[in-house]
Participant: 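Attaching a single structure in structure tokens format; questions to follow.
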Amino acid sequence: MKLQVEQPGALTTVQDRGRTGWRHLGVAAAGALDPDAARLANRLVGNPADAAVLEYTLIGPTLRLDAPTTIALCGAEVEASHTAGDGTRTPVGSGRPVRLPPGSLRIGPLRHGIRGWLAIAGGLRTPPMLGSRSTDLRGGFGGHAGRALVRGDVLLAASAGLPSPQLPWQPSWWVEFDPLPDAAIVVHFVPAMALDETARALASRPWRVDVRSNRQGLRLQGEALQVPAGDIVSTAVAPGTLQLPPDGQPIVLLADAQTTGGYRRIGHVITADLPLLAQAGPGTALQLVAVDADTAASLREARRAQWRRLEYLLDERLRSLPPAG
Amino acid sequence: MSGAQVPASAPALQALAEDAWLVGFGDSVDTATLTRVHALAARLDRERLPGVTDLVPAYSSLGVFFDLDVVGADAVARWLQAALDRDDDQPRTPAGRVVDIPVSYGGRFGPDLDDAARELGLDADTLAHRHASVVYTVAMIGFAPGFPYLSGLPATLALPRLATPRTRIPAGSVAIGGHQTGIYPRDSPGGWRILGRTPLVLFDPSLEAPALLAPGDRVRFRAIDADTFERLAGRRTGAGE
């Protein structure tokens with residue numbers, strides 16, 4: 001089936017779990033900024049965990065669907081609706097599988113967060129590049145034509161082969177995503193050994209997300225940190241790396257980050273908190289808290305266990321859905 | 001280089017992320033250290049522990065990435081430590097391939113050649129000739145997919161970066177930035193000084209081996225004229241790329 005882009009949204013890209021094995025050639029990871037949310041969306045529509053989804057930012061896309069299918073929206077709160085050929089408009093809920101007849105799916109502005117993920121039954125069929133369907137925006141390849149969607153693009157997805165429902169159908173239950181806190185988001189990081197003073201200063205000051213942030217990195221705005229004099233030699237960097245550029249305003253690298261960097265490293269944000277950063281729009285207040293590697297590992301395991309429980313419960317719900325049609 | 005040379009500092013393991021270690025070889029940028037990094041990367045690659053996904057060499061460090069679903073950080077650390085303990089990666093002749101890269105220097109392909117030559121007190125031909133008479137080593141690839149940082153630039157050819165980076169540098173541009181030289185794999189912004197351009201494609205993600213160069217490779221530039229550039233570039237597009 002085809003998805004025609006009527007409105008692209010602010011930044012909509014094809015993403016999956018990202019690329020591994022090419023970092024020595026300068027190829028970034030890319031991939032959904034919240035891999036758990038993308039995996040959940042896939043699970044809701046019966047896809048494998050690594051199927052390609054759409055990641056949308058600030059405002060979602062409007063897509064014309066030429067065949068019936070099942071979709072799921074996960075991530076920040078969003079108002080979405082389906083408009084059938086005869087103009088009948090039906091709200092589309094989040095965090096659950098929604099069976100749609102052909103028509104137009106509109107995903108509106110996002111609230112309490114800035115990113116969401118749309119899974120479609122069968123997954124998006126953009127050609128895999130270097131082992132992944134993710135869009136590498138800086139490298140200009142992967143996903144759809146190596147770039148964000150624009151109006152008029154046509155994406156292919158597997159045909160669900162289902163009889164078309166008259167109207168959109170969705171179960172009355174859904175998976176609720178935790179809203180971002182009104183107070184500052186707490187972000188844990190493991191300090192690099194070499195920079196104790198800087199790490200302490202980082203944790204003692206309030207920070208806000210700078211408007212120049214993107215999938216490559218989150219720039220933090222606040223009272224500048226002191227930058228030790230002298231050059232440093234470039235090393236590999238990773239998603240989560242906290243960099244200290246000469247202006248003293250730290251940067252947290254995200255999935256699209258370059259593979260090597262020449263700024264000082266303050267430490268790294270823990271894996272369990274990276275999905276939070278995917279939702280941190282311009283102006284969001286952050287409180288950085290230093291933890292050790294063991295704490296990072298136990299927070300990661302706790303999050304994993306929580307997701308496993310959720311998926312287990314979800315699978316029971318999904319098995320009890322009425323047959324399509 | 002003597003095989004008995006003692007490294008300036010013992011390699012140190014640092015957490016780069018929960019799923020990545022950084023093996024550090026100190027802060028110096030020199031051929032011996034670089035060769036050692038590349039030798040370690042090659043050896044770890046041959047004896048790869050399942051779950052280790054990426055080995056990322058830089059001037060004096062090696063990033064080691066792994067998949068936490070397959071292997072734990074401690075197991076990778078023990079594997080690395082064992083490799084370092086029996087470190088026979090003494091400086092030796094680099095083992096990488098030698099890749100010839102045709103470059104058309106100056107003119108519309110090298111808009112900074114004349115200015116750069118003046119700054120260095122040379123004429124343009126001498127600068128191009130000197131730049132092309134060195135065998136460089138791909139120290140690391142970074143900044144963009146396939147962008148090689150080449151070490152071996154003679155100190156007399158070092159040039160400051162542009163105060164204001166250009167918004168678009170054409171793919172294939174061969175440039176000097178500080179003490180390094182490199183090649184832009186695709187049109188991108190950048191502040192290095194452009195001496196010339198190669199018609200070769202440095203990065204093509206549709207290929208099984210997507211990058212022309214890998215860390216540890218050696219590179220020789222070969223001066224070509226603008227006509228040869230066009231012919232080589234034309235053959236490339238003619239071949240259906």
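Note that this is a predicted model, so its numbers are computed, not measured.
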Participant: Going by the angle between their ring planes, with limits at 30° and 60°, are Trp192(B) and Tyr184(B) parallel, tilted or perpendicular?
Facilitator: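 The rings of Trp192(B) and Tyr184(B) stand perpendicular, inter-plane angle above 60°.
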
Participant: Using heavy-atom distances under 4.5 Å, tell me whether Ser61(B) contacts chain A through its side chain, its backbone, both, or neither.
Facilitator: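 Answer is side chain: those atoms of Ser61(B) sit under 4.5 Å from chain A.
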
Participant: At a 4.5 Å cut-off on heavy atoms, which part of Val190(A) comes close to chain B: side chain, backbone, both, or neither?
Facilitator: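 Answer is neither: Val190(A) stays 4.5 Å or more from chain B.
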
Participant: With chain B as the partner, which of Thr260(A), Val269(A), Val237(A) has the greatest number of non-hydrogen pairs under 4.5 Å?
Facilitator: Thr260(A)

Participant: Identify which part of Ile270(A) has an atom lying under 4.5 Å from any heavy atom of chain B, answering side chain, backbone, both or neither.
Facilitator: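 Contact with chain B: backbone and side chain both.
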
Participant: Determine, for Asp256(A) against Arg215(A), whether the closest basic-nitrogen to carboxylate-oxygen distance falls under 4.0 angstrom.
Facilitator: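 So Asp256(A) pairs with Arg215(A) through a salt bridge.
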
Participant: Contact part of Asp69(B) toward chain A, heavy-atom cut-off under 4.5 Å: side chain, backbone, both or neither?
Facilitator: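 For Asp69(B), the contact with chain A is made by backbone and side chain together.
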
Participant: What option among Pro210(B), Pro148(B), Pro215(B), Ala73(B) has the most heavy-atom pairs under 4.5 Å with chain A?
Facilitator: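 The residue among Pro210(B), Pro148(B), Pro215(B), Ala73(B) with the greatest pair count is Pro210(B).
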
Participant: Go through Gly142(B), Pro205(B), Ser206(B), Ala214(B) and name the one with the most non-hydrogen pairs under 4.5 angstrom from chain A.
Facilitator: Pro205(B)

Participant: Write down the atom of Pro246(A), the atom of Val227(A), and the distance for their closest heavy-atom approach.
Facilitator: O-CG2, 3.6 Å

Participant: Report which part of Leu213(B) has an atom under 4.5 Å of a heavy atom belonging to chain A: side chain, backbone, both, or neither.
Facilitator: backbone

Participant: Hey, is Asp273(A) close enough to Arg303(A) for a salt bridge, meaning N to O under 4.0 Å?
Facilitator: no

Participant: Please walk me through it: do His38(B) and Val138(B) pass side chain to side chain contact (heavy atoms under 4.5 Å, CB included)?
Facilitator: CA-CA 10 Å; His38(B) 287 150; Val138(B) 180; 6.0 Å; no

Participant: With only heavy atoms counted, which part of Ala293(A) is less than 4.5 Å from chain B, the side chain, the backbone, both or neither?
Facilitator: neither

Participant: Who wins among Gly146(A), Ala297(A), Ser234(A), Ala257(A) for the most heavy-atom pairs under 4.5 Å with chain B?
Facilitator: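 Answer, by heavy-atom pair count under 4.5 Å with chain B: Ser234(A).
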
Participant: Salt bridge check: are Arg200(A) and Glu197(A) linked by an N-O gap of less than 4.0 Å?
Facilitator: yes

Participant: Looking at Gly142(A), Gly26(A), Pro128(A), which makes the most heavy-atom pairs under 4.5 Å with chain B?
Facilitator: Gly26(A)

Participant: So which atom in Ile183(B) and which in Ile101(B) form the shortest heavy-atom distance, rounded to 0.1 Å?
Facilitator: CD1-CD1, 3.7 Å

Participant: Centroid separation under 6.0 Å, is that true for the rings of Phe189(A) and His268(A)?
Facilitator: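 Ring centroids of His268(A) and Phe189(A) are no less than 6.0 Å from each other.
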
Participant: Between Arg23(A) and Phe65(B), is NZ or CZ placed under 6.0 angstrom from the six-membered ring centre and within 45° of the ring axis?
Facilitator: yes

Participant: Taking NZ, NE, NH1 and NH2 as the nitrogens, is one of them in Asp16(A) or Arg133(A) under 4.0 Å from a carboxylate oxygen of the other?
Facilitator: no

Participant: Could you look at Leu55(B) and say if it's the side chain, the backbone, both or neither that has a heavy atom under 4.5 Å from chain A?
Facilitator: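 Contact with chain A: backbone only.
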
Participant: Below 4.5 Å, heavy-atom pairs only: which of Thr241(A), Thr235(A), Ile232(A) has the largest tally toward chain B?
Facilitator: Thr235(A)

Participant: Among the options Gly131(A), Gly262(A), Gly140(A), pick out the one with the most heavy-atom pairs lying under 4.5 Å from chain B.
Facilitator: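 Ranked by heavy-atom pairs under 4.5 Å with chain B, first place is Gly140(A).
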
Participant: Relative to chain A, which of Val56(B), Val64(B), Asp54(B) shows the most heavy atom pairs under 4.5 Å?
Facilitator: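 The option with the most such pairs is Asp54(B).
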
